[in-house]
Amino acid sequence: MKALMQIGLSIVMLGVVALTQADTSMSIAPVKTLKINRDLSAEGKACITCHQQISPGQVSDWADSRHAHAGISCIDCHQVPEDAPHATRHANVEDTPVFVSALVSPAVCGRCHVDAKEQFDASGHFRAYRQIIPKDSLHALQIVHEGQNHPELSGAPGETGCMQCHGTEIKLDENNRPTPETWPNNGMGNIYPDGSTGSCTACHSRHKFSIAEARHPHACASCHLGPDHPNIEIFNNSKHGHIYNTEGDEWKMDSAPDAWEPGDYRGPTCATCHMSGIGELAVTHNISERLYWNLWAKKSNVRGSDDVLSPLLGDGPAGREKMKMVCNNCHTQSHTEGFFKQGDKAVRLYNEAYYEPATAMLNELKEKGLVRDNPWTDEFQIVYYYLWHHQGRRARQGAMMGAPDYAHWHGFFELQQDLYKLKAIYNKRLETGEIED
């Protein structure tokens, strides 16, 4: 035990050996010699004893988690009823009465985290995959165009790209194990064999499930980045990101959920504004609750739907008031009011000066038969897609999240170029009655 202490291991109060956070460069090899003294079930101890040899990284994370400190072990999350669709006998332990699955669904997490599960199910994250299901054009983009209808490999763009953020419906093979076409992935909207939806590990990676990890902007950046929704780049361009990148490593990120307040941090992360308990607001896993506009749709409208599958899910006016309450914890009321007036003007400008005239031109060209059936070989339709899906989103999100470079140079500057190009193509097609080569 003395040797273990010297390399950064400590015995926690309740009898589980856990890795300290003091030395993150240490070898993981000592995990293989950990002794679990807690009064766990025989099956639970067997899981740990075996996995600390074959997958010590998992045991290391678990040993340093609140789950371990509370006596929750592998079996508590991975055991399933014998008649569950994803029930399997664990390899090499066929003689036990225990059935397990590698898949731990949100329904399992929800047995303890009841409020978080209910809030997630009422949020926009819930439909992350479900909104893809009816979109034939998106499936065609992945399989026909990106996958080139390859007889064996056309699914690769979706499996390595879209699915990893949006999730998918996880399928099982003949042995009730997840298929490689649908697993592994941490997609936010996964539909599990037990029917539940979500992926807690998208933000709280297994098997540590750290609340501090989920509060850092990097957790959101796994999906919210890139040309169409560069939220992490927008955050870094903002004054909030400037402060976080300067001193965020010094902030207290592991306070209890309703106790994480200004003082623990000097500037907000994504979680602060959209989820955290702050001031009079309670913690929520409903990331739609504090939103006013839909900023990712072709046209931004004020939220006003209680249908979880609607892009306008939420109560926009109520959401705006809640977001103002977040801002007012650090800013004056006049600062908060002025910020939203500026941002709202930018969203309306996009709607009225860019999206509406561009859509009117597209609809007229469609009526006259002056667009190609394949939109990805049609210059007008390609530019139109970039106008709303890339430049338009960047302008709106940059404006509403305090990122001037994304509101301007990556937003409205490129939007005006798109609009002028669309007008030129539109006028030429109307004049000639033909689609240009």
Side-chain angles (χ1 to χ4, degrees), residues 118-142 158 161-163 165-169 187-191 197-199 202 220 223-231 234 270 273-275 284-323 340 343-344 346-356 358-360 362-363 375 381 384-401 406 411 415:
E118 290 178 351
Q119 290 160 358
F120 176 89
D121 286 348
S123 78
H125 274 160
F126 177 87
R127 66 171 183 276
Y129 172 65
R130 292 174 185 269
Q131 67 187 11
I132 293 176
I133 297 172
K135 292 184 177 179
D136 292 338
S137 60
L138 186 56
H139 296 299
L141 173 62
Q142 295 176 49
C162 304
M163 180 178 81
C165 284
H166 283 269
T168 190
E169 184 175 359
M188 186 63 76
N190 274 334
I191 301 175
T197 296
S199 178
C220 307
C223 294
H224 292 271
L225 79 170
D228 57 333
H229 41 48
N231 301 107
I234 285 171
C270 318
C273 297
H274 295 282
M275 301 178 70
T284 180
H285 279 70
N286 182 345
I287 45 81
S288 306
E289 188 175 292
R290 301 174 188 175
L291 303 179
Y292 181 76
W293 297 102
N294 177 326
L295 295 178
W296 57 261
K298 293 181 179 180
K299 179 180 180 180
S300 286
N301 289 300
V302 178
R303 294 172 178 270
S305 173
D306 58 4
D307 179 1
V308 73
L309 296 182
S310 169
L312 295 178
L313 175 66
D315 182 336
R320 172 59 60 82
E321 291 306 309
K322 289 181 179 179
M323 191 62 80
F340 284 115
D344 289 345
V347 175
R348 289 185 56 202
L349 177 65
Y350 161 81
N351 281 347
E352 298 172 24
Y354 291 93
Y355 173 75
E356 290 176 2
T359 302
L362 175 63
N363 290 339
Q381 294 184 77
Y384 177 83
Y385 185 81
Y386 275 77
L387 178 138
W388 77 264
H389 192 266
H390 283 44
Q391 284 78 271
R393 283 180 170 178
R394 296 197 296 261
R396 288 172 282 172
Q397 294 175 0
M400 295 305 302
M401 298 178 203
Y406 282 86
L415 275 171

Side chain to side chain, [X] and [Y], heavy atoms closer than 4.5 Å:
| X | Y | answer |
| --- | --- | --- |
| Gln391 | Tyr354 | no |
| Cys273 | Arg290 | no |
| Arg127 | Val308 | no |
| Leu291 | His274 | yes |

Considering all heavy atoms of both residues, which atom of [X] and which atom of [Y] are nearest to each other, and what is their separation?
| X | Y | value |
| --- | --- | --- |
| Ile191 | Thr197 | CG1-OG1, 4.0 Å |
| Arg396 | Ala297 | NH1-O, 2.7 Å |
| His229 | Gln397 | CA-OE1, 3.6 Å |
| Ser300 | Leu295 | OG-CA, 3.7 Å |
| Ala395 | Gly411 | CB-CA, 3.7 Å |
| Tyr384 | Thr359 | OH-OG1, 2.9 Å |

Mark yes or no for whether [X], through its side chain, and [Y], through its backbone, hold a donor-acceptor pair below 3.5 Å.
| X | Y | answer |
| --- | --- | --- |
| Gln119 | His285 | yes |
| Arg303 | Trp293 | yes |
| Ser288 | Gly124 | yes |

Practice prompt. Go through Met188 and Cys223 one step at a time and tell me if the side chain to side chain contact (heavy atoms under 4.5 Å, CB included) criterion holds.
Written response: CA-CA 9 Å; Met188 186 63 76; Cys223 294; 6.0 Å; no
Once rounded to the nearest 0.5 Å, what's the spacing between atom [atom1] of [X] and atom [atom2] of [Y]?
| X | Y | atom1 | atom2 | result |
| --- | --- | --- | --- | --- |
| Cys165 | His224 | SG | NE2 | 8.0 Å |
| Glu289 | Ser123 | CD | OG | 10.0 Å |
| Phe120 | Thr284 | CZ | OG1 | 11.5 Å |
| His166 | Ile133 | NE2 | CD1 | 12.5 Å |
| Thr168 | Ile132 | OG1 | CD1 | 8.0 Å |
| Asp307 | Leu313 | CG | CG | 7.5 Å |

Practice prompt. For the pair Asn294 and Lys299, evaluate side chain to side chain contact (heavy atoms under 4.5 Å, CB included) and give the outcome as yes or no after the intermediate values.
Written response: CA-CA 8 Å; Asn294 177 326; Lys299 179 180 180 180; over 6 Å; no
Item to complete: Given side-chain hydrogen bond (donor to acceptor under 3.5 Å, both in side chains), test Asp228 with Trp296 step by step and report yes or no.
Response: CA-CA 9 Å; Asp228 57 333; Trp296 57 261; over 6 Å; no
Worksheet item: Step by step, would you call Gln131 with Leu309 a side chain to side chain contact (heavy atoms under 4.5 Å, CB included)?
Response: CA-CA 7 Å; Gln131 67 187 11; Leu309 296 182; over 6 Å; no
Worksheet item: Relative to the ring of His389, is the ring of Tyr385 parallel (under 30°), tilted (30 to 60°) or perpendicular (over 60°)?
Response: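 Taking His389 first and then Tyr385, their aromatic rings lie parallel (interplane angle under 30°).
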Fill in: Working for side chain to side chain contact (heavy atoms under 4.5 Å, CB included), residues Tyr350 and Trp388
CA-CA 9 Å; Tyr350 161 81; Trp388 77 264; 3.2 Å; yes
